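Below is one structure, written out as structure tokens, with a few remarks after it.
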Amino acid sequence: MNERKAVRFAPYRSLRIAVASGKGGTGKTTVATSLALSLAADRTQTLPAARPDPPLFLDCDVEAPNAHLFLKPTFERRQDVGILIPHVDEAKCTHCGKCAEVCQYHAIAVLGKKVLVFPQLCHGCGSCTLTCPEGAISEAPDVMGVLERGTTPSGIAFARGVMNVGEPMATPIIRQLKKWAVPTLRADQIVILDASPGTSCPVVESVRGADFLLLVTEPTPFGLHDLRLAVQVGRELSIPIGVVVNRDGIGDSGVDEFCETEGLPILMRIPFERAIAEGVAQGKPLVDIHPEYMAHFQQMLMRIAKGVSSSAADITSDKSNPLFEVTVLDFKRKLTQKHIP
Ligand code: SF4
Ligand code: SF4
């Protein structure tokens with residue numbers, strides 16, 4: 001039995017699961033952290049071949065990182081993060097305007113005999129520097145935040161980005177966080193990315209390159225509205241999607257109906273319960289509040305790994321689990337990206 005699993009899951013040892021939601025406050029971090037803790041605890045049973053090591057957890061919610069409150073890492077390394085901003089040497093500049101023409105973000109403008117740089121709009125792409133025919137542009141680093149990494153008491157490798165207050169762009173920090181942390185990855189480690197809330201650029205950057213997108217929602221009209229947007233993001237990026245319904249029992253059946261219509265598997269339901277709300281507010285992971293959820297998360301991971309690693313024929317042959325029949329509809333839109341850039 002275990003030998004068969006070893007063959008089946010071995011190519012997916014570095015499975016990358018992004019946990020996102022269309023908006024904040026839906027329980028995204030509650031799910032992501034408990035998934036990580038369940039993986040760290042399950043050393044021998046659920047995924048013996050796929051996951052011999054605790055996972056790598058990336059808190060990509062750089063504007064308001066809070067996963068550390070649940071996982072309690074000790075940080076061992078810190079590094080400033082930022083982008084290179086252009087600086088113009090007026091003595092060399094001929095005011096030809098080529099730098100402004102090439103900038104897609106309108107972050108540099110030539111007004112008569114003056115070149116203006118708007119650091120808040122600059123993405124640090126370097127195009128203006130490369131384009132300037134006079135070599136009048138140099139670049140200087142602009143620190144936007146800090147990257148930190150360490151280890152949690154349960155052995156989870158943890159990394160996060162923290163954006164400085166007042167900075168306008170989270171995306172460069174998320175990109176750098178992924179570049180900084182992923183090279184430390186062991187070959188057989190699963191990666192869990194706790195994405196920014198919403199559906200804008202930071203979320204796209206967080207989930208880009210993931211093997212699976214786990215969307216956390218709540219069964220209300222607002223939850224459904226944001227879930228629709230988040231599903232669009234996942235489909236634009238060709239990432240298979242699964243749904244976790246948090247606060248199950250409130251609201252209506254709209255989310256269920258949407259998932260059924262769209263062929264989205266609901267992989268877990270977490271009930272609306274006072275004990276969970278109070279525990280999470282005190283910084284307790286869900287699997288500490290209700291230890292039986294450890295097995296639920298392990299089972300969910302098994303389904304995700306199976307869905308990502310199996311061919312459509314493998315899944316459809318699993319008639320005992322109707323969930324996989326739904327899942328295969330989504331997995332037929334196979335991934336094209338396997339690496340976090
Ligand atoms: S491209 Fe160079 S020379 Fe031309 S306006 Fe910009 S900085 Fe000046
Ligand atoms: S580095 Fe890129 S984004 Fe910034 S001003 Fe130059 S061209 Fe525009």
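Heavy atoms only: backbone and side chains are in, while hydrogens, waters and symmetry mates are out. These figures come from a predicted structure and were not determined experimentally. Numbering of ligands and ligand atoms starts at 1, following listing order.
- For ligand 1, the 4.0 Å heavy-atom shell takes in V88, C93, T94, H95, C96, G97, C99, V110, C132, P133, E134, I137, ordered by chain and residue number.
- When each atom of ligand 2 is checked for a heavy atom of H123 under 4.0 Å away, the hits are 3 (S), 4 (Fe).
- A single hydrophobic cluster is seen to contain both V287 and I289, as judged by linkage of ILVMFWY side chains at heavy-atom distances under 4.5 Å, directly or through other members.
- H290 and E273 share a side-chain donor-acceptor pair at under 3.5 Å.
- Within 6.0 Å of NE2 in H225 there are 12 or fewer heavy atoms belonging to other residues, nucleotides or ligands.
- Residues V203 and V162 are members of separate hydrophobic clusters, defined by side-chain heavy-atom contacts under 4.5 angstrom among Ile, Leu, Val, Met, Phe, Trp and Tyr.
- Of all atoms in ligand 2, listed by their number and element, those nearer than 4.0 Å to a heavy atom of Y105 are 3 (S).
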Working for side chain to side chain contact (heavy atoms under 4.5 Å, CB included), residues E262 and R235: CA-CA 11 Å; E262 295 294 320; R235 288 188 168 157; 2.6 Å; yes
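- Looking only at atom types and distance, the side chain of T26 has no donor-acceptor partner in the side chain of E218 under 3.5 Å away.
- Cluster annotation: L121 and I85 are assigned to distinct hydrophobic clusters (Ile/Leu/Val/Met/Phe/Trp/Tyr, side-chain heavy-atom contacts under 4.5 Å, transitive).
- Between atom 4 (Fe) of ligand 2 and C125 there is no N/O/S contact shorter than 2.8 Å.
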